[in-house]
J.: 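Could you have a look at this structure, given as structure tokens, before my questions?
As the structure is a prediction and not an experimental result, all values here were calculated from the model.
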Amino acid sequence: MPLGNYTSQFFANVYLNELDYFVKHELKAKYYIRYVDDFVILHKNKRILEDYKEKINIYLKENLKIELHSQKSKISTLKTGIIFLGYKIFSCFKLVKKKNKLRFEKKFMKKIEEYKEGLVDYENLIAMLRGWCGYSMWANSYKYRRKLAKILEKAEK
């Protein structure tokens, strides 16, 4: 089932409810955030985080028959930023992941070309940009969104 599907999100939340209980009540992690299958635990002590990671992986394997993604499960500092829900989050600001920006920009430029060829109407371009702005507005992306709006303005002429 595609992860974007609402039922898959619902079932992921139901299935991982046991993980929430384990992390909050067994490990006693104070700063735990989960959205569907992404989660973050914040703590000042790296050794404690390493211990949490090991215990969580054991718990997931034994009780839920799943495991942490080996490349995506990292312990990092807020100074270097943490990846969560498509953003790179630092202590005082948040950025959209570079990969997400590049992917969107490529699709957007393709849509503009299709618009110039008469294959796509202007409302389609506006809807695409609005969707992106709705997502990226939660990050420090004002200048980037302005840049995209100017690209759209040029395409309209």
J.: Would Val40 end up clustered with Ile66 when hydrophobic side chains under 4.5 Å apart are linked, directly or stepwise?
T.: no
J.: Test side-chain contact (heavy atoms from CB on, under 4.5 Å) on Ile33 and Phe39 and set out the steps.
T.: CA-CA 5 Å; Ile33 306 159; Phe39 69 90; over 6 Å; no
J.: Can you tell me how far apart CG (Leu125) and CZ (Arg130) are? Round to the nearest 0.5 Å.
T.: 11.5 Å
J.: Step through the shown structure and confirm whether more than 12 heavy atoms of other residues, nucleotides or ligands are within 6.0 Å of CD on Glu114.
T.: yes
J.: Which pairs with one or both residues in residues 47-77 pass ring-ring contact (aromatic ring centres under 6.0 Å, His included), sequence neighbours excluded?
T.: Phe22-Tyr59
J.: How is the hydrophobic cluster of Leu95 composed, in terms of its other members, when Ile, Leu, Val, Met, Phe, Trp and Tyr link through side-chain heavy atoms under 4.5 Å apart, directly or indirectly?
T.: Phe90, Phe93
J.: Answer yes if Leu78 and Tyr31 sit in the same cluster of Ile, Leu, Val, Met, Phe, Trp and Tyr residues linked by side chain heavy atoms under 4.5 Å apart, and no otherwise.
T.: yes
J.: So which atom in Asp121 and which in Tyr115 form the shortest heavy-atom distance, rounded to 0.1 Å?
T.: C-CD1, 3.9 Å
J.: What closest approach, in Å, do Thr80 and Lys88 show between heavy atoms, and which atom pair accounts for it?
T.: O-CE, 3.1 Å
J.: Would you indicate whether the side-chain heavy atoms of Val36 and Phe10 approach each other to under 4.5 Å?
T.: no
J.: Please, which pairs that meet side chain to side chain donor-acceptor pair (under 3.5 Å) have at least one residue in residues 146-155, sequence neighbours excluded?
T.: none
J.: Determine the minimum heavy-atom distance between Arg145 and Ser136, stating which atoms define it.
T.: CD-OG, 3.2 Å
J.: Side chains of residues 42-50: which donor-acceptor partners sit under 3.5 Å, not counting sequence neighbours?
T.:
unit_1: His43; atom_1: ND1; unit_2: Asn45; atom_2: N; d: 3.0
unit_1: Asn45; atom_1: OD1; unit_2: Arg47; atom_2: N; d: 2.8
unit_1: Asn45; atom_1: OD1; unit_2: Ile48; atom_2: N; d: 3.4

J.: Test your reading of the model: is there a side-chain donor-acceptor pair from Lys97 to the backbone of Ile83, 3.5 Å cut-off?
T.: no
J.: Quick one: does Ile41's side chain get under 4.5 Å of Lys30's, heavy atoms only?
T.: no
J.: Which heavy-atom pair separates Ile82 from Thr77 by the least distance, and what is that distance?
T.: CG2-O, 4.3 Å
J.: Can you name the nearest heavy-atom pair linking Trp132 to Val96, along with the distance?
T.: CH2-CG1, 3.7 Å
J.: Mind checking whether Val120 and Ile112 have side chains closer than 4.5 Å, heavy atoms only?
T.: no
J.: For Tyr144, which residues count as a side-chain hydrogen bond (donor to acceptor under 3.5 Å, both in side chains) partner, sequence neighbours excluded?
T.: Glu105
J.: Name each donor-acceptor pair under 3.5 Å that joins a side chain in residues 11-21 to protein atoms two or more places apart or in another chain, with its distance.
T.:
unit_1: Asn13; atom_1: OD1; unit_2: Arg34; atom_2: NH1; d: 3.0
unit_1: Asn13; atom_1: ND2; unit_2: Gln9; atom_2: O; d: 3.4
unit_1: Tyr15; atom_1: OH; unit_2: Leu64; atom_2: O; d: 2.3
unit_1: Asp20; atom_1: OD1; unit_2: Tyr32; atom_2: OH; d: 2.6
unit_1: Asp20; atom_1: OD1; unit_2: Arg34; atom_2: NE; d: 2.7
unit_1: Asp20; atom_1: OD2; unit_2: Arg34; atom_2: NE; d: 3.4
unit_1: Asp20; atom_1: OD2; unit_2: Arg34; atom_2: NH2; d: 2.7

J.: Report, as yes or no, whether the 6.0 Å neighbourhood of atom OH on Tyr35 holds more than 12 heavy atoms from other residues, nucleotides or ligands.
T.: no
J.: Would you please test Lys55 and Leu27 for side-chain contact (heavy atoms from CB on, under 4.5 Å) and show each step?
T.: CA-CA 8 Å; Lys55 288 178 179 175; Leu27 298 179; 3.6 Å; yes
J.: On a heavy-atom basis, which atom in Ile151 and which in Phe108 lie closest, and how many Å separate them?
T.: CG2-CE2, 4.2 Å
J.: For residues Met128 and Lys107, determine if any side-chain heavy atom of one lies less than 4.5 Å from a side-chain heavy atom of the other.
T.: yes
J.: Looking at NZ of Lys94 and SG of Cys92, how far apart are the two atoms once the value is rounded to the nearest 0.5 Å?
T.: 13.0 Å
J.: Is the Tyr87 to Tyr135 ring centre distance short of 6.0 Å?
T.: yes
